[in-house]
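Keep in mind that this is a model prediction, so the values were computed, not measured.
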Amino acid sequence: LVCIRRHWLRAENVAKLCQTLYSKHAAPQHSALVTCSRLIPCNITCLAGAFVAGMDAGRAYNTFPLMNGQLIPDDYWGLPGIRNAFENTAAVQLHHRALAITTLTAVGAVWAVGRQMPLPRHVKMALSITAAITAAQVTLGITTLMTYIPTTLGAAHQ
């Protein structure tokens, strides 16, 4: 997170990303690469959410932002090696939370810088819609967690 805060979320870096994304003169392969790199945080967060849902990990820690009063729960390192990241309830849920907050922060930073730039109206609209949907999804996830995963909210979050 320190790396993200110090380097990636600097206003000038986000501004360069926005300019590259919406430049009329960007090479097609470069634009595709940048577009794919924008989708990676969302896809990884969704993948982590699949592990949470598959393990019913959302039922274990129904508090937010802390997990039963702790930033990192005691049983975070409950399994040996790489299995811990995929089979430990505490680890799976913590990873999904961290990825969701990181994605929300990144999308919010791009939105904040992008709306200050002289971008076409449809681009600013796309940035605003993306930020709103991301914020809604995170809010829905937190609400789902804190209400002990009612089926309707769980299905909507997925």
Rounded distance [0.5 Å steps], [atom1] in [X] versus [atom2] in [Y]:
{"X": "Cys46", "Y": "Gln137", "atom1": "SG", "atom2": "CD", "value": "7.0 Å"}
{"X": "Leu94", "Y": "Leu99", "atom1": "CG", "atom2": "CG", "value": "9.5 Å"}
{"X": "Thr147", "Y": "Leu153", "atom1": "OG1", "atom2": "CG", "value": "5.0 Å"}

**Request:** Of all the heavy-atom pairs spanning Met55 and Val92, show the shortest one and how long it is.
**Result:** SD-CG2, 3.7 Å
**Heavy-atom pair of closest approach, residues Ala53 and Gln158** = CB-NE2, 3.0 Å
According to a 4.5 Å side-chain heavy-atom criterion applied to Ile, Leu, Val, Met, Phe, Trp and Tyr, with indirect links allowed, do [X] and [Y] form part of one hydrophobic cluster?
{"X": "Met146", "Y": "Ile101", "result": "yes"}
{"X": "Ile149", "Y": "Phe51", "result": "no"}
{"X": "Tyr148", "Y": "Tyr61", "result": "no"}

Is the shortest side-chain heavy-atom distance between [X] and [Y] below 4.5 Å?
{"X": "Trp77", "Y": "Asn84", "value": "yes"}
{"X": "Leu47", "Y": "Asn43", "value": "no"}
{"X": "Leu127", "Y": "Leu119", "value": "yes"}
{"X": "Leu71", "Y": "Met67", "value": "no"}
{"X": "His95", "Y": "Tyr76", "value": "yes"}
{"X": "Leu145", "Y": "Gln93", "value": "yes"}

**Request:** Could you name each residue pair satisfying salt bridge (Lys or Arg N to Asp or Glu O under 4.0 Å) that touches residues 54-83, not counting sequence neighbours?
**Result:** Arg83-Glu87
**Prompt:** Okay, side chain of Thr134, backbone of Val107: is any donor-acceptor separation there less than 3.5 Å?
**Reply:** no
**Item:** Polar side-chain atom of Lys124 near backbone of Met117 as donor-acceptor pair, under 3.5 Å
**Value:** yes
**Request:** Would you check, one step at a time, whether the test side-chain hydrogen bond (donor to acceptor under 3.5 Å, both in side chains) holds for Ser128 with Trp111?
**Result:** CA-CA 6 Å; Ser128 294; Trp111 173 78; 3.2 Å; yes
**Request:** Take the angle between the ring planes of His157 and His96 and call it parallel below 30°, perpendicular above 60°, tilted in between.
**Result:** perpendicular
